[in-house]
Amino acid sequence: MRVTRLACKGFRCLKDLSFDPGPGVNILSGDNAQGKTSVLEALLFLVTARSHRTTKEGDLAAHGAHAFDISGAFERHGRPLAMEIHWRRGQKRFKVNGAVQDRVSDILGKVHVVFFSPEDVELVRGAGAVRRRFLDMELSQLSGRYLHALQQYRQVLRQRNELLKAPRPDESLLAIWEQQLARHGAIITAERRRFAETLRGLARDAYQRIARREDFEMRYAANIDADEPEAFLEALEANRARDIKRGASTRGPHRDELDFEIGGQPARNFGSQGQQRTAALALKLAELELVRQIGGEYPVLMLDDVLSELDARRSRQLAGALPAGVQCILTATDPGGGRSVLPVEHTAFVIEDGCLERK
Amino acid sequence: MLLNAPAMERLVDAFRQLPGIGRRSAERLALHILTAPAEEAAALGDAIAQARRRITTCSRCCDLTEGDPCAVCADPARDHSLICVVERPAGAIAIEKGRGFRGGYHVLHGALNPLEGIGPDELTVEHLLHRLDHESVEEVIIATNATAEGEATAHYLGKLITAKGVAVSRIAHGVPMGGGLEYADDATLSHALDGRIRL
Ligand SMILES: Nc1ncnc2c1ncn2[C@@H]1O[C@H](COP(=O)(O)OP(=O)(O)O)[C@@H](O)[C@H]1O
Ligand SMILES: [Mg+2]
Ligand SMILES: [Zn+2]
């Protein structure tokens with residue numbers, strides 16, 4: 001997978017952006033607040049209809065504007081693919097190869113990207129919700145079945161929680177919704193387990209390549225450890241009385257955890273800043289490898305500001321850990337454009353006040 | 001200038017209550033009515049008032065009808081031992097257009113939806129159970145939408161109907177995932193009815 005051109009109009013501070021990245025490593029350098037992250041954000045939004053920094057899409061339109069357009073040309077399995085997104089006052093329109101698409105699910109998975117930014121350290125350091133969002137984002141791109149189960153599960157959960165708020169909830173009605181929680185919950189759990197198992201080995205390898213020493217471990221802790229609806233339903237039923245007492249659904253995949261360990265210690269509480277960052281980066285590199293295994297080619301890798309966050313040794317090792325053949329777009333604030341620490345062949349761009357130029 | 005005129009605002013707001021109509025469409029409709037010949041606007045108002053007065057719910061199947069019982073319920077050529085349960089009148093219309101179904105209907109007027117305060121009592125469930133007790137119904141096909149709410153409703157009805165010793169099945173294949181029945185095409189719905197599964 002490779003992006004050959006990214007263009008946008010009216011997106012954040014970018015002025016009529018036209019960006020033609022090269023096939024291998026691309027370095028986007030510029031001072032702070034010049035628009036580096038916005039370029040990556042535009043690409044991310046084009047292929048996932050989401051931004052990593054906001055859920056308020058209105059913030060993405062340039063100040064004073066109510067519309068923006070992003071388009072991209074890609075090469076997927078050697079064939080050209082064109083994507084467009086047109087945003088007008090909250091309404092999104094998608095096009096793939098010129099044809100209008102009705103739903104977000106029609107564009108998800110067309111182009112796979114892996115995005116890493118400094119805030120991703122929250123994957124290791126933050127609350128469980130951050131890790132569940134990671135699982136959901138990745139799996140939704142990989143599996144339509146997962147996405148459907150997840151959407152249904154969330155809706156059913158909201159409905160059951162509403163019933164639980166009543167002073168004396170009707171158990172026969174609760175049971176009705178539990179049937180569906182079990183059906184979709186079992187799918188979510190099974191898919192998360194499979195994903196985590198594959199990711200585990202890949203993440204250990206990636207961590208090793210960057211850090212060279214400590215041992216990284218990850219474990220999926222399913223809240224209801226059942227991949228079959230029947231067993232799942234039993235667990236829900238056994239817990240119903242407690243749910244009624246608490247007025248909320250206390251068990252299910254919405255309480256799942258992904259546990260990380262570095263050198264045998266829980267990374268969340270005991271990892272150093274650098275270890276936590278390396279672990280988060282290793283996860284993203286593992287995802288890169290996983291997508292290649294499943295889809296047959298590497299996704300586009302976007303690394304925002306990673307170099308400023310890693311020490312020189314780890315940065316060098318990161319450069320060495322990038323697999324050959326992956327297209328990578330990397331941002332950097334240092335004037336050397338990251339060259340000092342990234343001794344790899346690359347295409348260089350500079351960005352100043354929203355204007356991007358090939359160096 | 002009509003902008004902000006109270007009567008205009010009222011008309012626009014009334015249109016906006018309609019499904020699928022946003023602010024802009026509502027304004028376009030309102031302007032059309034205000035610039036069209038007076039008779040045209042009066043005829044529309046009259047048609048709405050008449051329809052509301054004449055159309056009621058069928059005392060047997062709860063579908064909307066002009067005349068009680070409705071044409072389907074009154075038709076001796078149809079198989080009244082078979083009842084197809086739908087959420088809304090639009091669902092019955094969709095199935096009827098498919099032309100493959102020769103039984104009767106029962107319209108629930110919604111689906112279980114705690115978030116919107118809709119429980120069994122807000123639907124025509126009691127009425128359906130009453131029909132099972134008093135008519136010679138042999139099978140009920142549940143054709144609620146393939147949404148979380150439609151599925152929950154199907155489960156709920158499935159249990160109650162089974163308890164009455166009546167066979168019950170759920171349409172299964174071809175109904176668009178997460179979508180409303182009224183958007184499905186005829187072939188899809190015929191297929192869905194053929195592929196029903198026992199609950
Ligand atoms: N909707 C917007 N319209 C115009 N400018 C914006 C908008 N949102 C953010 N900005 C500005 O864009 C600039 C660049 O942001 P960013 O892409 O994060 O820069 P960098 O990554 O280079 O530090 C910031 O100065 C920010 O204030
Ligand atoms: Mg930035
Ligand atoms: Zn009738």
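Letters A, B, ... mirror the listed sequences (proteins, then strands); counts begin at 1. The model shown is predicted, which means the values in this text are computed figures rather than measured ones.
When the heavy atoms of residues 40-64 of chain B are compared with those of chain A, none of the residues falls under 4.5 Å.
Taking CD from Q155(A) and CG from L115(B), the interatomic distance works out to 6.0 Å, rounded to the nearest 0.5 Å. To the nearest 0.5 Å, atoms CD (E178(A)) and NE2 (H155(B)) are separated by 11.5 Å. Separating the CH2 atom in W177(A) from the CD atom in E149(B) is a distance of 5.0 Å, to the nearest 0.5 Å. A distance of 7.5 Å separates OG1 in T147(B) from CD in Q152(A), rounded to the nearest 0.5 Å.
Scanning both residues, L163(A) and P114(B), for their nearest heavy atoms gives CG-CG, 3.6 Å. When all heavy atoms are compared, the tightest approach of Q180(A) to A148(B) is NE2-O, 2.8 Å.
Partners of F115(A) according to the ring pair (Phe, Tyr, Trp, His ring centres under 6.0 Å) rule, which considers only residues two or more places apart in sequence or in another chain, are H52(A). Legend: residues meeting ring pair (Phe, Tyr, Trp, His ring centres under 6.0 Å) with H127(B), ordered by chain and number and at least two apart, are H106(B). For F11(A), the ring pair (Phe, Tyr, Trp, His ring centres under 6.0 Å) partners are F68(A), not counting sequence neighbours.
In this structure, L173(A) and P120(B) have side chains that are in contact, with non-hydrogen atoms separated by less than 4.5 Å. A heavy-atom distance below 4.5 Å is found between the side chains of E151(B) and R183(A).
In R53(A), the CZ atom is crowded: over 12 heavy atoms of neighbouring residues, nucleotides or ligands sit closer than 6.0 Å. Applying the 6.0 Å contact sphere to CD of Q293(A) captures more than 12 heavy atoms from other residues, nucleotides or ligands. Within 6.0 Å of CZ in R158(A) there are more than 12 heavy atoms belonging to other residues, nucleotides or ligands. Around CZ of R28(B), the count of heavy atoms belonging to other residues, nucleotides or ligands within 6.0 Å does not exceed 12.
Put simply, of H184(A), Q159(A), E162(A), R160(A), the one with the most heavy-atom pairs under 4.5 Å next to chain B is Q159(A).
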